[in-house]
Amino acid sequence: MMPKIDHAHVSGRVLSEGDPVKIGTVELHNRTDDIIDAVLVDADGRYSFHLSPGSWKLRAWDVNGKRGEVTVKLKSGADAAVDIALEI
């Protein structure tokens with residue numbers, strides 16, 4: 001019998017003044033604030049991470065220096081949609 005694999009998924013868009021960011025980065029941080037991964041957003045401002053369940057922090061920024069941060073708690077098997085709004 002195969003062991004059960006705990007997994008979760010978070011995705012969303014990075015937004016600046018309500019519009020998708022064309023060029024931006026999203027960093028994934030764990031509970032102790034270590035950087036675990038980073039991705040570039042696509043042309044529609046979208047990002048995606050496949051993770052283990054738990055509490056995660058997402059930090060985002062664009063080429064104009066605007067930044068945003070959110071914390072998300074994921075349960076096993078959950079898919080979470082989390083947009084990140086940037087501010088100056």
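Just so you know, these numbers come straight off a predicted model, no measurement behind them.
Contact record, Asp44 with Arg13: O-CD, 3.7 Å, taken as the closest heavy-atom pair. Pairing each heavy atom of Leu86 with each of Ala60, the nearest pair is CD2-O, 3.6 Å. Residue Val41 comes nearest to Val21 through the heavy atom pair CG2-O, 3.7 Å, listed as atom of the first residue, atom of the second, then distance. Considering all non-hydrogen atoms of both residues, Asp79 and His9 come closest at OD1-CB, 3.1 Å. Nearest approach of Ser76 to Asp6, heavy atoms of both residues: OG-OD1, 3.0 Å. Nearest approach of Ile35 to Glu27, heavy atoms of both residues: CD1-OE2, 3.5 Å.
The side-chain heavy atoms of Val10 and Tyr47, taken from C-beta on, include a pair separated by under 4.5 Å. Residues Ile36 and Phe49 form no side-chain contact, since every pair of their non-hydrogen atoms from C-beta on lies 4.5 Å or further apart. Using a 4.5 Å heavy-atom threshold, the side chains of Arg46 and Ser11 count as separate.
Side-chain atoms of Asp62 do not come within 3.5 Å of backbone N or O of Ile23 as any donor-acceptor pair.
Of the residues listed (Val82, Val72, Val70), the one engaging Trp56 in a side-chain contact (heavy atoms from CB on, under 4.5 Å) is Val72, and it is the only one.
The CG atom of Leu58 sits 11.0 Å away from atom CG of Asp37, with the distance rounded to the nearest 0.5 Å.
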Could you please spell out the steps behind the side chain to side chain contact (heavy atoms under 4.5 Å, CB included) verdict for Thr71 and Ser55?
-> CA-CA 7 Å; Thr71 300; Ser55 183; 3.7 Å; yes

Do Thr25 and Val39 pass the side chain to side chain contact (heavy atoms under 4.5 Å, CB included) test, and can you show the C-alpha distance, the side-chain angles, and the key distance before you say yes or no?
-> CA-CA 6 Å; Thr25 302; Val39 296; over 6 Å; no

Start with the C-alpha distance between Arg67 and Arg59, add both sets of side-chain angles, then the distance that settles side chain to side chain contact (heavy atoms under 4.5 Å, CB included), and finish with yes or no.
-> CA-CA 7 Å; Arg67 297 183 171 275; Arg59 287 188 179 141; over 6 Å; no

